[in-house]
There are 2 protein chains.
Amino acid sequence: MTDTEASSTKAGSRNAGIREVARQAGVSIATVSRVFNNAEVVNSETRERIVALASSLGYEPSALGRNLVRGRSYLIGLIVPNVSFPLYGAMIHGIEDVLGRHGMSVLLASSHDAAATEVRAAQNILRHAVDGGIVINSIVGDALPTQRQLGWVHVTPEPAGLPCRVELDNEEGGRLAALELLRTGRQHFAYVGAKGRESADRERGFALTLRKMGFDYRRFEGDYSEESGMRASAELLAGPLDGVFAAGDLMAAGVLRALHARGIKIPDQVAVVGFDDAAIAPLLYPRLTSIRQPAYAMGASAAELSLNLMSGRHNAPIIFPPELVARESTGPPQASF
Amino acid sequence: MTDTEASSTKAGSRNAGIREVARQAGVSIATVSRVFNNAEVVNSETRERIVALASSLGYEPSALGRNLVRGRSYLIGLIVPNVSFPLYGAMIHGIEDVLGRHGMSVLLASSHDAAATEVRAAQNILRHAVDGGIVINSIVGDALPTQRQLGWVHVTPEPAGLPCRVELDNEEGGRLAALELLRTGRQHFAYVGAKGRESADRERGFALTLRKMGFDYRRFEGDYSEESGMRASAELLAGPLDGVFAAGDLMAAGVLRALHARGIKIPDQVAVVGFDDAAIAPLLYPRLTSIRQPAYAMGASAAELSLNLMSGRHNAPIIFPPELVARESTGPPQASF
DNA sequence: TTGTAGGCGTTATCAT
DNA sequence: ATGATAACGCCTACAA
């Protein structure tokens, strides 16, 4: 393998490097480099000549070489529990937009809600010498492997100890749900929750708001699945019920289905509020009122936090307010032709 | 900034490099390198000493340096129209699994169904010297920018000319839908489609199968949105109707909703079949029968194709068969308690 | 089994 | 405005 020969003569097998361009242009490699970095500083005539030559030779600076000398990869690692979940999709969108604006790209890995997989994803990401990292709903939290001075930005409500964090004001979400049910004149409430701090926070906001108005509520602990929502309905219907707040849209879907199966009219007899405002919410029957997480904005903020972290700056956790999206399940059906 | 001093003495600010490890271990950097590559070939005693030292120094080989000398980035670029779409999520999952098994990672970028964004995403990906690339439902097709001998693997039904491709047998999907409607004794059919080759293929399979049994059908052209599905129902109900095949689950959702609004019983009076078997299908009311794309397997195949392409091997396009997932919208409701 | 040394493709400093 | 040249961190013949 006469490697030197091949690389200098036979164009195509390996693209022309900076040396070859410099040689053919009759300048030093430094000048070529400058053309692609500080274009202004080089004589406009030689610059154009080099640009033309480079493009005819199919040359462009190698990211590999550039990364090495700059000590950066321009990559941000991103760990997501599950790419399919629409809420995460919106977050990723926000992350991509901000990062792209700063010339950085997203290295993706999924944790599939398993601690071992999450750690493996982190190691995998670290192997690529990323400049930063973002984890959505981390399971292992600050036990995530790291390297150099890389800091992970967390998008999660827990644990509270994590320094660099973006989270949703879940308690406020619970409050909004309660207000919506109160607004539509309900009196017999129920909360369909799940384990974990997210649900607990949502319930607290819900409970506080109801109590302030002199109401109590019953509760059911599910697991965010549609099926657990159906179980919840079955159990809660043993008593008086006209207002349900479910901690997730999937559970709310189950509630709707079970009420439906019993011929109960929504929202006339029972109103239902979900959480997340996932893509399914407006497709359910009836269309589901839900508490929306500003997922895009949260992703964008996480990206900015990560960018700041790279530059040594450190920011306080950012807490986002949720927003009520009122649909048919708590009010009169929208006009449908 | 006495950079050289800092890097050689003050551990921490910049992690130890291979030189430092070699120096402290009293060996050459070549030996240290071998420990992390051809571990077997180095004396087990020195190896353990080096491993211990490296870990105490927090040393691990720099991906930057390694990539440069090997001329590879171990990155595969992935362009997705929209991360949120659950079908794509499953594909990404398949891609990640296969790639991870080969020590490669996913560099993600979204096209948001816009040609300009897709091209920009490709350029962005190319800047990172990826070893390969995969595009899901590309808009610009073979006009995607490329470099070196990098070849994009397409997951898409069109254009047919693309050499490296994974696609679904849409015609077979249409056939399955027709068979299911025939099986449940329907006689007055309708197809709710959209523009593009995917829909055309699905319709062909649907039409051929019906005609073979002596049936005809009416058609409506929507745009994959729920709203267009509702319009379809409104129009189609002008004539006799008891079996609808919609080219997408969202349109099917619209069909269901419109039928519902008119008090039409599903599946008793009208049966509905969707396409994709997206996450929403089992959540609709009633649960939607749909034609499933083997998204995970398709993603996995795309990844394998890309891996092969890197090694110079070239494969023929792979065509996947869809699968019927029967639910309530075409048959008796499942037992619900 | 281990060391030597060249090179991967670029950037950036210091002269000129 | 341009050229030499020293890194960047690592891998890998080749030699010992």
Side-chain angles (χ1 to χ4, degrees), chain A residues 1-8 13-23 25-50 54 57-74 127-129 131 147-148, chain B residues 1-8 13-23 25-50 54 57-74 127-129 131 147-148:
Chain A
M1 302 169 193
T2 52
D3 206 30
T4 43
E5 278 183 31
S7 72
S8 62
S13 83
R14 165 171 263 149
N15 271 8
I18 195 171
R19 286 191 244 286
E20 183 62 14
V21 177
R23 195 181 63 74
V27 298
S28 75
I29 59 171
T31 302
V32 177
S33 174
R34 275 189 281 260
V35 168
F36 287 91
N37 295 284
N38 305 314
E40 328 75 65
V41 85
V42 53
N43 180 293
S44 64
E45 188 184 321
T46 40
R47 174 179 1 131
E48 285 170 24
R49 187 160 42 93
I50 292 177
L57 251 46
Y59 166 80
E60 41 191 329
S62 150
L64 265 18
R66 186 197 305 247
N67 289 352
L68 175 62
V69 69
R70 294 223 256 238
R72 292 185 50 187
S73 64
Y74 300 91
R127 284 186 33 244
H128 285 272
D131 298 337
Q147 72 185 181
R148 323 207 171 187
Chain B
M1 303 165 193
T2 52
D3 205 30
T4 43
E5 278 183 29
S7 73
S8 60
S13 85
R14 164 169 265 151
N15 272 8
I18 196 172
R19 288 191 245 285
E20 184 62 14
V21 178
R23 196 182 61 74
V27 299
S28 74
I29 61 172
T31 302
V32 178
S33 172
R34 276 189 279 260
V35 168
F36 287 90
N37 295 284
N38 306 313
E40 329 76 66
V41 85
V42 56
N43 180 293
S44 66
E45 188 183 320
T46 39
R47 179 188 348 143
E48 285 170 24
R49 187 160 42 93
I50 292 176
L57 250 45
Y59 166 80
E60 41 190 329
S62 151
L64 264 20
R66 188 193 301 242
N67 289 352
L68 176 61
V69 70
R70 294 223 255 239
R72 293 186 47 188
S73 64
Y74 299 91
R127 283 187 35 245
H128 286 270
D131 299 337
Q147 71 185 181
R148 317 202 177 194

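Sequence lines set the chain letters: A, B, ... in the order given, protein chains first and strands last, and positions in each chain run from 1. Reckoned from all heavy atoms, side chains included, excluding hydrogens, waters and symmetry mates.
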What is the separation between atom CG on Asn43(A) and atom C1' on dG3(D), rounded to the nearest whole Å? 15 Å
Donor-acceptor pair, Asp131(A) side chain versus Tyr74(A) backbone, under 3.5 Å? yes
State whether the number of non-hydrogen atoms from other residues, nucleotides or ligands found under 6.0 Å of Glu40(B) atom CD is greater than 12. yes
Could you tell me whether Leu68(A) contacts a base, only the sugar-phosphate backbone, or nothing, with contacts defined as non-hydrogen atoms closer than 4.0 Å? base
Please walk me through it: do Glu20(A) and Leu57(A) pass side chain to side chain contact (heavy atoms under 4.5 Å, CB included)? CA-CA 9 Å; Glu20(A) 183 62 14; Leu57(A) 251 46; 4.2 Å; yes
With side chain to side chain contact (heavy atoms under 4.5 Å, CB included) as the test, would you mind laying out the steps for Thr31(B) and Ile50(B) before giving the verdict? CA-CA 9 Å; Thr31(B) 302; Ile50(B) 292 176; 3.8 Å; yes
Would you call Val27(B) and Val32(B) a side-chain contact if the rule is heavy atoms closer than 4.5 Å? yes
Given 3.5 Å as the limit, does a donor-acceptor pair link the side chain of Asn43(A) with the main chain of Thr46(A), or not? yes
Rounded to the Å, how far apart are Arg72(A) CZ and dG9(C) P? 23 Å
OP1 or OP2 of dT4(C) less than 4.0 angstrom from a side-chain nitrogen or oxygen of Ser28(B), does that happen here? no
Are any non-hydrogen side-chain atoms of Pro61(B) and Ile18(B) less than 4.5 angstrom apart? no
Under a 3.5 Å distance rule, please check whether Asn37(A) uses its side chain to pair with a backbone N or O of Ser33(A) as donor and acceptor. yes
Give the angle between the helix axes at the two ends of the helix from dT1(C)-dA16(D) to dT16(C)-dA1(D), taking five base pairs at each end and rounding to 10°. 30°
Between Leu57(A) (CG) and dG9(C) (C1'), how many Å, whole number? 15 Å
Scoring nucleotides 11-16 of chain C by protein non-hydrogen atoms under 4.0 Å (B base, S sugar-phosphate only, - none) yields BB----
Look only at the side chain of Arg49(A) and the backbone of Ala25(A), and say whether a donor-acceptor pair between them is shorter than 3.5 Å. yes
Expressed in angstrom and rounded to an integer, what is the separation of Asn67(A) atom CG from dC8(C) atom C1'? 13 Å
Does dT2(C) have OP1 or OP2 under 4.0 Å away from a side-chain N or O of Thr46(B)? yes
Arg19(A) CZ to dT10(C) P, straight-line distance once rounded to whole Å: 8 Å
